[in-house]
Peer 1: 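Got a structure here, written out as structure tokens. Questions coming.
Every chain is numbered from 1 and lettered A, B, ... according to where its sequence line falls, protein lines coming before strand lines. A quick note: this is a predicted structure, and the numbers were derived from the prediction, not measured.
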There are 2 protein chains.
Amino acid sequence: MYHIKSRIWIEGEEGVFLGEGRIKVLKAIMVEGSLSKAAKSLGMSYKKAWNLVDSINKNASNPVIITNTGGSGGGGTEITAYGVKMITAFENINKNCWDFLDQQLKELQL
Amino acid sequence: MYHIKSRIWIEGEEGVFLGEGRIKVLKAIMVEGSLSKAAKSLGMSYKKAWNLVDSINKNASNPVIITNTGGSGGGGTEITAYGVKMITAFENINKNCWDFLDQQLKELQL
DNA sequence: AAGCGTTGTTTCCTGCAAGATATAACGAAA
DNA sequence: TTTCGTTATATCTTGCAGGAAACAACGCTT
């Protein structure tokens, strides 16, 4: 009958640190090896992707992303071990939240 | 350090049934007794408030809102007992969700 | 039957988020 | 030192969500 949905996000000092969109970009970076390729693979403008990554860097307690500008291939960006840990943590919490909410709605038996 | 936030909403057959914005409108209607006054009290355009109420009606399993058009005072709208029940149910789930997420984040001890 | 303040609906307008575009800086490799 | 594909950033443009405004319909009260 009814179903329940949610969006969660984690904030740091200056704004949003992680959310679903940022997670998507991070995962695409892990696959593609660069921000520009990641943006392209997601059908997202480079600017938007860059803004997301910028906000991640501004709000992270520890480095999540290492960017290398210039060099043979032009550079690229990679995700730190801390970043990988945060991705999986976020996805776990998100999954748990969904399960929790489904349970909550079921208990109401509307 | 980090803190976690969320938005939840309940969907029906055709779209969103309840969310934070719709709850706000419903509660304002309960106080004000009419949709137009409720919109004004929230600093929201009548059209936006009407759209929210319309989507509630389209997706509710049972009547939530009774509108009376015309009459001495011009009419007005009131919330059914079912509507009141849904409001408190939503707010409970929302509160529980916040607590749950805070707990989840704390368990990570970042 | 006239007046009133609602609900309900349409049309027009505008601000702004987001895309598109352009360009500088970078540094390894050849 | 030239080339290359990045990162980083500024500027311009545009689509559209949302507000503003206008108006019809309604029905109780007087």
Peer 1: Quick one: do A:Leu18 and A:Trp9 satisfy side-chain contact (heavy atoms from CB on, under 4.5 Å)? Show the steps, please.
Peer 2: CA-CA 6 Å; A:Leu18 279 185; A:Trp9 65 96; over 6 Å; no
Peer 1: Side-chain contact test, heavy atoms from C-beta onward, threshold under 4.5 Å: evaluate it for A:Ser61 versus A:Tyr82 and give yes or no.
Peer 2: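 They are in side-chain contact.
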Peer 1: Measure from CH2 on B:Trp50 to C1' on D:dG18 and round the result to the nearest Å.
Peer 2: 15 Å
Peer 1: Given atom NZ of B:Lys37 and atom C1' of C:dT7, what is their separation to the nearest angstrom?
Peer 2: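 To the nearest whole Å, that distance equals 13 Å.
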Peer 1: Quick one: list whatever passes ring-ring contact (aromatic ring centres under 6.0 Å, His included) with B:Phe90, sequence neighbours left out.
Peer 2: none
Peer 1: How would you list, by chain and number, every residue that makes a side chain to side chain donor-acceptor pair (under 3.5 Å) with A:Trp50, sequence neighbours excluded?
Peer 2: none
Peer 1: I want to confirm an ordering. Mapping A:Asp54 and A:Gly76 to their closest nucleotides on DNA chain D, which one lands closer to the 5' end?
Peer 2: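 Upstream on the strand: A:Gly76.
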Peer 1: Whole angstroms only, please: what is the CG-P distance between A:Leu35 and D:dT6?
Peer 2: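 Those two atoms, CG and P, are 11 Å apart.
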Peer 1: Send over the distance from B:Asn51 CG to C:dT7 C1', rounded to a whole Å.
Peer 2: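 Rounding to the nearest Å, CG of B:Asn51 and C1' of C:dT7 are 13 Å apart.
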Peer 1: A:Leu52 has an atom CG; how far is it from atom P of D:dT7, in whole Å?
Peer 2: 14 Å
Peer 1: Among B:Lys85, B:Lys24, B:Lys27, which residue meets the salt bridge (charged side-chain N to carboxylate O under 4.0 Å, His left out) test with B:Glu91?
Peer 2: B:Lys27
Peer 1: What one-letter contact string describes nucleotides 12-27 of chain C from 5' to 3', where B marks a base within less than 4.0 Å of any protein heavy atom, S marks contact via sugar-phosphate atoms alone, and - marks no contact?
Peer 2: -------BB-----BB
Peer 1: Expressed as a whole number of angstroms, how long is the span from A:Asn68:CG to D:dC4:C1'?
Peer 2: 16 Å
Peer 1: Side chain to side chain contact (heavy atoms under 4.5 Å, CB included) with B:Val25: which of B:Lys48, B:Met30, B:Met44?
Peer 2: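 When B:Lys48, B:Met30, B:Met44 are each tested with B:Val25, the side chain to side chain contact (heavy atoms under 4.5 Å, CB included) holds only for B:Met44.
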Peer 1: Quick one, A:Met86 and A:Leu26 - any side-chain contact, counting heavy atoms below 4.5 Å?
Peer 2: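 Of all side-chain heavy-atom pairs linking A:Leu26 with A:Met86, none is under 4.5 Å.
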Peer 1: For B:Lys58, which residues count as a side chain to side chain donor-acceptor pair (under 3.5 Å) partner, sequence neighbours excluded?
Peer 2: B:Asp54
Peer 1: Among residues 16-26 of chain B, which ones have heavy-atom contacts with DNA chain D below 4.0 Å?
Peer 2: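 Within residues 16-26 of chain B, no residue comes under 4.0 Å of DNA chain D.
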Peer 1: Has B:Thr67 got a side-chain N or O lying under 4.0 Å from the OP1 or OP2 atom of C:dT6?
Peer 2: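 No, B:Thr67 has no side-chain N/O under 4.0 Å of OP1/OP2 on C:dT6.
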Peer 1: Please list all pairs passing the side chain to side chain donor-acceptor pair (under 3.5 Å) test where one or both residues lie in residues 64-74 of chain A, with sequence neighbours left out.
Peer 2: none
Peer 1: Please report the distance, rounded to the nearest Å, between CD1 in B:Ile65 and P in C:dT6.
Peer 2: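 About 17 Å, once rounded to whole Å.
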Peer 1: Return the value, rounded to whole Å, for the distance between atom CD1 of A:Ile29 and atom P of D:dT6.
Peer 2: 13 Å
